[in-house]
Amino acid sequence: MPLPQRINEILSSPAIGTHIQVTGWLRSCRNSKEISFLDLNDGSGLTGLQVVADKTLPNYESEIQNLSTACAITVHGLLQESPAKGQAVELLATTIEIVGWSNPALYPLQKKRHSLEFLRTLPHLRGRTNSLSAMMRIRNCLSFAVHRFFQHHAFQQLHTPIITTSDCEGAGEMFTVTSLDLDNLPKTAEGQVSFAEDFFSQHASLTVSGQLEAEAYALAVGPVYTFGPTFRAENSHTSRHLAEFWMVEPEIPFCDLTLDMEIAEEMMQFLVAAVIEECPDDIDFFSRFVDKKLAMRLEVMARPFHHITYSDAINQLQQTTTKFNYPINWGVDLQSEHEKFLTDEIFKGPVIVTDYPKNIKPFYMRCNDDGKTVAAMDILAPSIGEIIGGSQREERLTPLEQRMAECHVSRQEYDWYLDLRRFGSVPHAGFGLGFERMVLLMTGLGNIRDVIPFPRTPGGVAR
RNA sequence: UCCUCGGUAGCUCAGCUGGUAGAGCAGGUGGCUGUUAACCACCUUGUCGGGGGUUCGAAUCCCUCCCGAGGAGCCA
């Protein structure tokens with residue numbers, strides 16, 4: 001493909017003495033009367049290529065001296081060793097074509113450091129900063145590694161629908177999808193909105209999870225995984241939640257909770273290793289400027305994860321002298337402060353908590369023989385909290401029907417799901433990884449709005 | 001949704017117990033043959049988040065709304 005060579009490739013194996021062409025955007029310009037130094041960056045890495053332009057260039061006075069941050073240029077020149085300190089190689093320009101000008105008085109990003117809060121107001125431009133481009137490279141690396149991991153283990157990627165008519169968890173607010181005229185809504189005899197007249201002839205929403213559809217295909221073609229956007233209309237205004245986020249959801253037939261946990265742990269360690277291997281500069285950048293403990297945390301991720309049952313976790317938390325804001329009782333879900341205590345104080349690393357009380361978990365999780373707990377597992381990561389939630393699914397028809405009744409899940413609506421238990425049901429399990437939380441873990445960034453290019457949160461969409 | 005802290009120049013912030021606004025950076029102009037968040041000199045910039053109130057007088061005190069950050073709940 002006739003694409004221009006990227007700067008990170010040029011710098012990693014510089015062909016000194018050859019003529020090359022590069023394209024990119026200027027981060028800064030240092031002009032003097034007869035020579036200019038242009039810091040050219042094309043987004044391929046943190047380090048830019050220094051372009052040296054001297055007055056012999058025909059457009060030196062007319063154009064080059066007027067260049068400023070953000071201008072786009074194409075440079076032909078001679079790659080040479082740099083006589084000055086600061087960089088090993090530089091490009092001595094023979095021609096510089098200005099592809100796109102930028103008005104420095106109006107361009108909102110300066111050479112100096114900006115706060116992440118300010119950059120959030122410029123989602124369309126913030127990718128030009130080191131922080132966001134480094135995040136983007138790590139995010140991309142993680143994304144590709146997810147596919148590599150599952151494809152290598154013969155999982156098939158399943159494209160589950162974005163628009164759905166089922167509410168998977170039975171919890172969580174969903175966004176309604178409608179083409180009805182909002183100023184003139186059709187009503188039923190009871191005064192409710194008549195979705196029978198809507199586009200899909202029934203109420204439809206944006207998906208909160210592809211799990212149930214993934215189960216259907218796992219019981220048809222073998223191990224599958226989904227990797228796509230999911231949506232929650234919950235009014236949660238925190239640094240860990242998005243209204244639109246990406247989730248990785250494998251679903252494995254002939255699989256119990258133990259194997260499910262093994263796969264989850266192996267996947268996470270594969271992802272961590274991939275980023276450490278492929279994005280060392282970006283990890284180093286985040287370690288130095290964002291989170292000094294990042295490298296240490298990533299080391300811990302490579303060790304075997306700790307395991308503890310929910311009941312044992314409750315016991316341990318009850319035995320500590322630490323005072324919690326929320327009381328610890330068997331049957332109540334673990335609060336953030338409890339999860340943090342498990343990961344940061346007791347285990348000092350990732351923890352897999354298993355066998356939660358069935359009453360705090362959804363209907364589809366498999367009931368354990370004790371009748372009180374389900375075959376569920378949550379992976380808690382240091383400083384992030386829950387990063388993976390998974391379970392072995394209830395494959396037995398009768399217990400599933402009982403749980404659906406207890407949870408007030410419509411039998412009619414989920415009859416198709418029961419079919420999966422009627423016709424060749426097998427033990428199966430899966431989990432969901434919050435992809436942005438994985439990016440948080442790998443970058444050390446503190447706010448989930450900074451690990452997705454265009455964040456959607458309650459209250460506003462900037463672009 | 002609740003709690004806490006914030007909102008002053010393009011950005012980051014100072015502005016004490018009320019006396020009507022400042023710094024650094026960015027930007028502009030000029031200078032400089034090798035710079036590295038370049039340097040030197042000079043210059044520009046404000047409905048002090050919106051609205052209302054107290055006061056002779058409000059960036060400063062009070063009320064209210066909006067927005068942002070951190071935490072909680074819920075979750076991934």
Side-chain angles (χ1 to χ4, degrees), chain A residues 27-39 47-48 50-56 60 65-66 68-69 80 82-87 90 92 102-122 129-130 168-169 171-173 208-211 229-249 264 289 324-326 332-340 360-362 378-381 384-390 431-441 446-452 457-460 462:
Chain A
R27 285 287 175 84
S28 75
C29 311
R30 294 179 287 275
N31 295 320
S32 60
K33 200 173 186 178
E34 303 189 344
I35 192 165
S36 291
F37 300 94
L38 311 175
D39 183 8
T47 313
Q50 170 159 283
V51 175
V52 183
D54 66 33
K55 64 175 179 179
T56 60
Y60 185 70
Q65 284 202 310
N66 295 319
S68 61
T69 304
Q80 61 179 21
S82 179
K85 288 181 181 172
Q87 59 283 314
E90 63 187 19
L92 180 62
S102 172
N103 183 340
L106 301 178
Y107 185 61
L109 299 179
Q110 52 187 58
K111 291 179 260 188
K112 306 263 173 168
R113 202 182 157 170
H114 284 297
S115 67
L116 290 167
E117 288 86 351
F118 172 65
L119 293 176
R120 260 170 240 152
T121 67
L122 302 165
T129 64
N130 279 343
C168 174
E169 315 274 337
E173 295 296 310
V208 296
S209 164
Q211 180 200 315
T230 49
F231 307 86
R232 304 279 164 92
E234 273 149 33
N235 189 20
S236 51
H237 202 235
T238 80
S239 54
R240 307 251 182 282
H241 293 85
L242 291 165
E244 176 181 292
F245 65 100
W246 287 65
M247 199 150 54
V248 177
E249 296 181 285
F289 297 114
F324 296 109
N325 292 322
Y326 287 84
V332 179
D333 208 354
L334 296 176
Q335 308 296 329
S336 290
E337 56 177 350
H338 306 142
E339 295 182 347
K340 196 158 285 177
I360 58 173
K361 290 291 181 185
D378 282 359
I379 300 187
L380 312 179
I384 307 282
E386 186 183 345
I387 192 165
I388 281 180
F431 61 85
L433 166 76
F435 187 65
E436 280 73 20
R437 290 188 178 174
M438 191 67 201
V439 186
L440 281 176
L441 184 72
N447 195 311
I448 203 162
R449 287 164 200 146
D450 299 325
V451 297
I452 186 168
T457 51

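In terms of modelled atom types and a separation under 3.5 Å, the side chain of A/E90 and the main chain of A/S82 share no donor-acceptor contact. Within the 3.5 Å criterion, the main-chain N or O of A/L380 finds no donor-acceptor partner in the side chain of A/E339.
Taking the six-membered ring for Trp, A/Y326 and A/H338 have ring centres at least 6.0 Å apart.
Scanning for salt bridge (Lys or Arg N to Asp or Glu O under 4.0 Å) contacts around A/D378 gives A/K361, with sequence neighbours left out. Considering only residues two or more places apart in sequence or on other chains, A/K55 meets the salt bridge (Lys or Arg N to Asp or Glu O under 4.0 Å) condition with A/E34. Residues satisfying the side-chain contact (heavy atoms from CB on, under 4.5 Å) criterion with A/T56, sequence neighbours excluded, are A/D54.
Note on A/K85: a base of the nucleic acid sits closer than 4.0 angstrom, heavy atoms only. Residue contacts shown for A/Y107 are absent, as no nucleic acid heavy atom lies under 4.0 Å away. Contacts of A/I388 with the nucleic acid, taken as non-hydrogen atoms under 4.0 Å apart, involve only primed sugar atoms and P, OP1 or OP2. Residue A/S36 is classed as having no contact, given no heavy-atom separation below 4.0 Å to the nucleic acid. Contacts of A/L242 with the nucleic acid, taken as non-hydrogen atoms under 4.0 Å apart, include base atoms. As judged by a 4.0 angstrom heavy-atom cut-off over every strand, A/E244 is placed among residues making no nucleic acid contact.
For the atom pair A/H241 NE2 and A/R232 CZ, the distance stands at 9.0 Å (nearest 0.5 Å). Atoms CZ and OG, from A/F37 and A/S28 in turn, are 11.5 Å apart once rounded to the nearest 0.5 Å. For the atom pair A/T457 OG1 and A/L242 CG, the distance stands at 7.0 Å (nearest 0.5 Å).
For the P atoms, the distance from B/C56 to B/A14 is 32 Å, rounded to whole Å. Of the C1' atoms belonging to B/C43 and B/G6, the separation is 33 Å, rounded to the nearest Å.
Out of B/G70, B/C75, B/U33, the shortest distance to the side chain of A/E34 is found at B/U33. Of the candidate nucleotides B/C75, B/A26, B/A69, B/C75 has the atom nearest to the side chain of A/S336. Candidate nucleotides B/U1, B/C75, B/A69 were compared by shortest atom distance to the side chain of A/E339, and B/C75 ranks first. Out of B/G73, B/G71, B/A76, the shortest distance to the side chain of A/S239 is found at B/G71. Among the nucleotides B/U35, B/A72, B/G34, the one closest to the side chain of A/T238 is B/A72.
Within 3.5 Å, no donor on the side chain of A/E117 pairs with an acceptor on the base of B/U12, nor the reverse.
In the region residues 434-441 of chain A, proximity to RNA chain B at under 4.0 angstrom, judged on heavy atoms, holds for A/G434, A/R437.
Close to B/A37, at under 4.0 Å from its OP1 or OP2, lies no side-chain N or O of A/N130. Considering only side-chain N and O atoms, A/Q335 lies under 4.0 angstrom from the phosphate OP1 or OP2 of B/G73. A close approach under 4.0 Å does not occur between any side-chain nitrogen or oxygen of A/S82 and OP1 or OP2 of B/G34. Between A/R240 and the phosphate of B/A72, there is no side-chain N or O to OP1/OP2 separation shorter than 4.0 Å.
What you find for A/Q65 and A/K33 is that their closest heavy atoms are NE2-O, 3.4 Å. Taking both residues in full, the closest heavy atoms of A/E436 and A/V451 are given as O-CG2, 3.6 Å, listed atom of the first, atom of the second, then distance.
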Could you write out each protein N or O paired with an N or O of nucleotides 28-32 of chain B at a distance under 3.5 Å?
residue, atom, partner, partner atom, Å
B/C32, OP1, A/K33, NZ, 3.3
B/C32, N4, A/N31, O, 3.4

Identify the pairs formed between an N or O of the protein and an N or O of nucleotides 3-11 of chain B at a distance under 3.5 Å, and give each distance.
residue, atom, partner, partner atom, Å
B/G10, N2, A/Q110, OE1, 2.8

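Of the candidates A/T129, A/D39, A/N130, A/T69, A/R27 forms a side chain to side chain donor-acceptor pair (under 3.5 Å) with just one, namely A/N130.
With RNA chain B read from its 5' end, the first of the two nearest nucleotides for A/F245 and A/G446 is the one closest to A/G446.
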